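Here is the structure we will look at.
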Amino acid sequence: MMYSLQKTKTIGNNGMINLPKKWVAEFGFHLGELVEIRIQNREIWISHYQEETTENVRYITARQNVSIPSEIRNLLNLDKGNKLKLYVEPNEKSFVFIPIDKNGSS
């Protein structure tokens with residue numbers, strides 16, 4: 001069951017997106033950890049890395065940022081400054097970002 005955090009996040013330089021500190025700790029993520037980033041139904045899912053994955057992987061930076069891969073940004077037409085609605089999926093210990101289009105709907 002996904003929960004909305006009533007937050008939006010803005011894509012920064014090089015596709016960087018900030019993960020909320022509370023949920024990073026809650027889900028057991030660590031700074032410098034490799035995470036899996038996948039696209040599912042126009043949603044961006046960030047989860048713990050699985051060794052057998054064929055998905056994109058990136059590191060969590062010291063500032064709790066993750067870079068959304070350019071392939072995913074291109075598929076979803078996302079650029080620096082685009083806003084994403086943030087959800088968490090506690091059962092899968094995942095962050096879910098849903099793009100908000102220019103007129104404000106996700």
Side-chain angles (χ1 to χ4, degrees):
M1 173 105 192
M2 276 197 321
Y3 299 101
S4 169
L5 294 187
Q6 302 300 315
K7 290 183 180 187
T8 59
K9 294 289 183 174
T10 304
I11 296 178
N13 292 331
N14 302 317
M16 294 301 255
I17 198 89
N18 184 260
L19 303 176
K21 188 176 190 175
K22 173 189 184 252
W23 288 97
V24 167
E26 180 86 18
F27 289 164
F29 287 98
H30 305 286
L31 303 183
E33 178 179 344
L34 203 54
V35 294
E36 176 181 305
I37 303 173
R38 70 183 188 278
I39 188 170
Q40 185 175 310
N41 302 326
R42 294 195 50 79
E43 301 169 349
I44 300 166
W45 285 66
I46 299 176
S47 310
H48 285 279
Y49 172 70
Q50 307 295 319
E51 284 190 30
E52 67 279 359
T53 188
T54 57
E55 303 294 338
N56 287 288
V57 292
R58 295 291 188 272
Y59 289 99
I60 297 177
T61 70
R63 292 191 172 149
Q64 297 179 179
N65 290 325
V66 171
S67 175
I68 297 170
S70 61
E71 312 86 79
I72 291 176
R73 286 183 279 140
N74 291 340
L75 278 170
L76 297 176
N77 290 324
L78 297 173
D79 294 310
K80 179 182 176 187
N82 280 119
K83 298 214 178 289
L84 306 170
K85 183 101 172 100
L86 173 59
Y87 295 83
V88 291
E89 214 315 343
N91 293 336
E92 294 190 36
K93 295 185 178 179
S94 298
F95 296 96
V96 182
F97 293 94
I98 301 175
I100 298 171
D101 63 24
K102 305 279 189 252
N103 53 20
S105 61
S106 46

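Worth saying up front: this structure is predicted, and the values here are computed from it rather than measured.
Once rounded to the nearest 0.5 Å, the distance linking CG of Asn65 with CD1 of Ile60 reads 10.0 Å. Rounding to the nearest 0.5 angstrom, the gap separating the CD1 atom in Ile100 from the CG atom in Leu84 is 7.0 Å. Ser70 contributes atom OG, which lies 11.5 Å from atom CG of Leu78 (distance to the nearest 0.5 angstrom). Taken from CE in Met16 to NZ in Lys9, the straight-line distance is 13.0 Å, to the nearest 0.5 Å. Separation of atoms NZ (Lys21) and CG (Leu31) is listed at 9.0 Å; rounding is to 0.5 Å. In this structure, Ile11 CD1 and Ile44 CD1 are separated by 6.0 Å, a value rounded to the nearest 0.5 Å.
In this structure, Lys93 does not pair ionically with Glu33, as no charged nitrogen and carboxylate oxygen lie closer than 4.0 Å.
Between the side chains of Thr8 and Lys85, no donor N or O sits under 3.5 Å from an acceptor N or O.
Residues Tyr59 and Val66 are members of separate hydrophobic clusters, defined by side-chain heavy-atom contacts under 4.5 angstrom among Ile, Leu, Val, Met, Phe, Trp and Tyr.
Contacts of Asn56 classified as side-chain hydrogen bond (donor to acceptor under 3.5 Å, both in side chains), with partners at least two apart in sequence or in another chain: none.
The two residues Pro99 and Leu76 come nearest to each other via the heavy atoms CG-CD1, 4.0 Å. The two residues Arg58 and Pro69 have their closest heavy-atom pair at NH2-CB, 3.3 Å. Taking all atoms of both residues into account, the shortest heavy-atom contact from Val96 to Glu89 is CG2-CB, 4.4 Å.
Side-chain N or O atoms of Gln50 include none that pairs as donor or acceptor with a backbone N or O of Glu52 at under 3.5 Å. Ser94 places no side-chain N or O within 3.5 Å of a backbone atom of Trp45 that could act as its donor or acceptor partner.
Each of Glu71, Glu43, Glu55, Glu92 was checked for a salt bridge (Lys or Arg N to Asp or Glu O under 4.0 Å) with Arg38, and the lone residue meeting it is Glu92.
Using a 4.5 Å heavy-atom cutoff, the side chains of Phe97 and Leu86 are in contact. With contacts defined as side-chain heavy-atom distances shorter than 4.5 Å, the pair Asn13/Lys80 qualifies.
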Donor-acceptor contacts under 3.5 Å from residues 22-30 side chains, at least two apart:
{"from": "His30", "atom 1": "NE2", "to": "Gly28", "atom 2": "O", "distance (Å)": "3.3"}

